[in-house]
Amino acid sequence: MDGDTSCSSWDSDDEYQKFIQKMNPPRVMIDNTSCANATVVHVDSANKYGILLEVVQVLTELQLIVKKAYISSDGGWFMDVFNVTDQNGQKIMNELVLGDIAKYIHKCLGADSCFLPSRRRSVGVEPSSDYTSIELTGTDRPGLLSEVSAVLTNLECNVVNAEVWTHNKRAAAVMQVTDRETGLAISDTERLGRIKERLSYVFKGSNRSQGTKTTVTMGIAHTERRLHQMMLEDRDYERYDKDRTNVNPTPMVSVVNWLDKDYSVVNIRCKDRPKLLFDTVCTLTDMQYVVFHGSVDSEGPEAYQEYYIRHIDGSPVNSEAERQRVIQCLEAAIERRVSEGLKLELSTGDRVGLLSDVTRIFRENGLTVTRAEVSTKGDRAVNTFYVRDAAGSSAVDLKTLEAIRQEIGQTVLEVKGHPDHRKSPPEESPSRFLFSSLFRPRSLYSLGLIRS
């Protein structure tokens with residue numbers, strides 16, 4: 001109840017905050033001289049709930065690596081400094097990229113930005129006629145993505161973009177689909193009801209005791225933010241999975257109260273990786289905590305993060321149970337992208353049913369998809385899959401990999417990161433994969449995916 005009351009107060013102050021922002025527009029200063037090995041981005045703005053996440057999200061979407069950060073937002077002003085590099089660890093020298101940094105931060109912090117603090121609303125959702133967004137959460141199991149994509153194909157839906165996460169035997173997916181014939185969003189309410197019903201049935205599988213949730217909406221949202229929210233709401237952090245022992249080294253997270261200042265101090269130490277800062281800040285924001293001060297250092301192989309936080313009601317972490325929950329949620333946020341499996345990259349001409357066919361081949365060869373990123377760029381499908389074998393290992397047998405590549409196409413699917421795999425010379429045209437009668441539709445009734 002306290003969180004809802006506080007959210008209401010944030011909502012009621014929204015117009016006042018917009019007025020303050022218009023009177024004090026954000027300032028973004030980019031410095032390429034004071035630091036030898038990074039570009040320094042200074043951000044000053046009137047403070048508002050969620051502002052840190054907005055800035056970190058922009059830096060993440062521009063594919064910048066945050067090496068150091070200094071955060072200060074105590075009072076009515078937000079003053080942060082970020083030392084960033086490109087993906088190769090170099091300073092940002094491209095003038096267009098430097099301009100984009102300032103432009104997009106200005107846009108996200110402006111008085112008309114779409115961030116809304118209340119978790120009762122969808123974050124950044126705006127109407128869209130381009131596609132229909134489907135959100136799914138439920139129990140993970142081998143072949144789940146294959147079954148979901150097969151059902152969508154059977155329902156005349158084309159998957160344009162999708163992202164799937166699994167953690168602690170739970171799965172969450174955000175999928176953007178269009179009508180097969182028109183290429184537009186699906187608006188017919190009766191048809192949307194059928195899609196929701198059948199996907200809910202697939203996600204439940206044979207386990208009717210575990211909770212599932214299926215949402216079909218017209219709109220756009222930041223996919224990774226939604227996935228973090230969905231898994232947090234699904235309480236994936238409470239479920240222990242044996243795969244967590246494979247997270248090496250295990251992240252170290254502590255939360256202690258600084259009673260003199262009414263702060264809770266969060267310390268995180270773990271192996272550095274891309275998007276780590278986004279994941280931790282996103283989780284704290286979704287738990288309705290505000291970062292007043294903080295520092296980040298990820299210049300070495302390990303990342304160190306320290307945050308001074310309060311709940312939006314102004315209190316520090318107020319119980320041992322809540323302290324443990326904050327620790328578990330941050331650990332889960334760190335682990336969702338760790339130990340994902342062997343990376344497979346697919347690039348080929350797009351067509352309806354492509355995702356269903358590819359994931360079926362994975363399933364038939366004993367591979368489980370632990371994470372997936374599916375996108376369409378023009379007329380091409382560019383997909384990334386992280387897979388494990390039936391034993392849960394990312395060291396997939398080479399014979400299995402080659403059998404899959406033979407079936408899909410040597411020039412279509414690439415294996416990344418396998419110590420014993422060497423890129424095979426092209427032996428065939430990718431058109432074999434696209435137009436071969438190999439992919440004759442199988443009966444979904446025989447697979448048990450569609451009810452009569």
Side-chain angles (χ1 to χ4, degrees), residues 30-43 52-53 55-73 79-94 97-98 101 105 167 224 228 243-256 258 263-285 291-309 326-343 371 386 394 416-419:
I30 299 177
D31 176 7
N32 247 340
T33 60
S34 62
C35 182
N37 56 6
T39 298
V40 182
V41 180
H42 299 259
V43 182
L52 176 60
L53 176 56
V55 175
V56 171
Q57 179 175 311
V58 169
L59 298 176
T60 301
E61 290 181 339
L62 290 173
Q63 298 186 337
L64 302 178
I65 306 297
V66 178
K67 292 297 185 181
K68 284 190 175 183
Y70 306 93
I71 301 160
S72 178
S73 59
M79 297 176 288
D80 286 16
V81 179
F82 302 90
N83 290 16
V84 301
T85 68
D86 62 18
Q87 294 285 318
N88 298 317
Q90 302 299 313
K91 296 173 71 168
I92 314 302
M93 304 306 295
N94 187 309
V97 176
L98 293 173
I101 295 173
I105 292 177
H167 179 247
E224 292 182 337
H228 273 304
D243 287 343
R244 185 178 174 190
T245 58
N246 294 328
V247 179
N248 187 27
T250 302
M252 298 175 62
V253 181
S254 67
V255 178
V256 297
W258 185 11
Y263 289 126
S264 293
V265 184
V266 177
N267 279 284
I268 299 172
R269 177 181 175 182
C270 63
K271 183 179 179 181
D272 190 32
R273 61 164 176 76
K275 301 186 179 182
L276 177 63
L277 178 60
F278 170 82
D279 292 339
T280 56
V281 172
C282 186
T283 298
L284 288 171
T285 304
V291 177
F292 287 89
H293 302 281
S295 62
V296 174
D297 186 344
S298 58
E299 289 192 315
E302 284 193 320
Y304 301 86
Q305 299 180 0
E306 183 176 63
Y307 302 115
Y308 292 76
I309 66 171
V326 172
I327 291 173
Q328 290 174 347
C329 288
L330 287 170
E331 288 177 342
I334 295 168
E335 292 172 357
R336 286 170 192 148
R337 298 185 198 262
V338 179
S339 299
E340 295 166 326
L342 180 66
K343 184 177 181 180
R371 186 162 173 252
Y386 296 87
S394 60
K416 303 291 183 179
H418 196 293

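We number each residue from 1, following the sequence as shown.
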Exercise. So does Glu306 pair up with Arg269, basic N to acidic O under 4.0 Å?
Worked result: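 So Glu306 does not pair with Arg269 through a salt bridge.
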Exercise. Could Asp279 and Arg336 be called an ion pair, given the rule that one side-chain N must be under 4.0 Å from one carboxylate O?
Worked result: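 No, no charged N to carboxylate O under 4.0 Å.
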Problem set entry | Partner set under ring-ring contact (aromatic ring centres under 6.0 Å, His included) for His42, not counting sequence neighbours |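 ring-ring contact (aromatic ring centres under 6.0 Å, His included) check on His42 returns nothing, list empty.
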Problem set entry | Sequence-distant partners of Tyr304, ring-ring contact (aromatic ring centres under 6.0 Å, His included), two or more places apart |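 Residues passing ring-ring contact (aromatic ring centres under 6.0 Å, His included) with Tyr304: none at all.
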Exercise. Stepwise, does the side-chain contact (heavy atoms from CB on, under 4.5 Å) test hold for Asp80 with Leu52?
Worked result: CA-CA 8 Å; Asp80 286 16; Leu52 176 60; 3.3 Å; yes
Nearest 0.5 Å, what's the [atom1]-[atom2] distance between [X] and [Y]?
| X | Y | atom1 | atom2 | result |
| --- | --- | --- | --- | --- |
| Ile101 | Leu59 | CD1 | CG | 7.0 Å |
| Glu335 | Gln328 | CD | CD | 10.5 Å |
| Leu276 | Cys270 | CG | SG | 4.5 Å |
| Ile309 | Phe292 | CD1 | CZ | 10.0 Å |
| Phe82 | Ile71 | CZ | CD1 | 6.0 Å |
| Ser264 | Tyr308 | OG | OH | 11.5 Å |

State, with a plain yes or no, whether a side-chain heavy atom of [X] is found less than 4.5 Å away from one of [Y].
| X | Y | result |
| --- | --- | --- |
| Val40 | Val81 | yes |
| Asn267 | Val253 | no |
| Glu224 | Gln57 | no |

Does the [X] side chain pair with the main chain of [Y], one donor and one acceptor, at a distance under 3.5 Å?
| X | Y | answer |
| --- | --- | --- |
| Lys91 | Cys35 | yes |
| Ser298 | Lys67 | yes |
| Asp297 | Glu299 | yes |
| Thr280 | Ile334 | no |
| Thr39 | Ile92 | yes |
| Gln87 | Ile65 | no |
| Asn88 | Gln90 | no |

Problem set entry | With Tyr307, the side-chain contact (heavy atoms from CB on, under 4.5 Å) member among Leu330, Val255, Ile268 |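 The side-chain contact (heavy atoms from CB on, under 4.5 Å) with Tyr307 is passed solely by Ile268 among Leu330, Val255, Ile268.
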For this session: Go through the steps for Glu302 and Arg273 under the test salt bridge (Lys or Arg N to Asp or Glu O under 4.0 Å), then give the verdict.
Result: CA-CA 9 Å; Glu302 284 193 320; Arg273 61 164 176 76; over 6 Å; no
For this session: Apply the test side-chain contact (heavy atoms from CB on, under 4.5 Å) to residues Thr33 and Asp31: give CA-CA distance (whole Å), side-chain angles for both, the deciding distance (0.1 Å), then the verdict.
Result: CA-CA 6 Å; Thr33 60; Asp31 176 7; 2.8 Å; yes
Exercise. Where does the angle between the aromatic ring planes of Trp258 and Tyr263 fall among parallel (under 30°), tilted (30 to 60°) and perpendicular (over 60°)?
Worked result: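 Geometry flag for Tyr263 against Trp258: tilted rings.
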Exercise. Step by step, would you call Thr285 with Val281 a side-chain contact (heavy atoms from CB on, under 4.5 Å)?
Worked result: CA-CA 6 Å; Thr285 304; Val281 172; 4.1 Å; yes
For this session: May I have the step-by-step check of side-chain contact (heavy atoms from CB on, under 4.5 Å) for Val43 and Val41, ending in yes or no?
Result: CA-CA 7 Å; Val43 182; Val41 180; 4.0 Å; yes
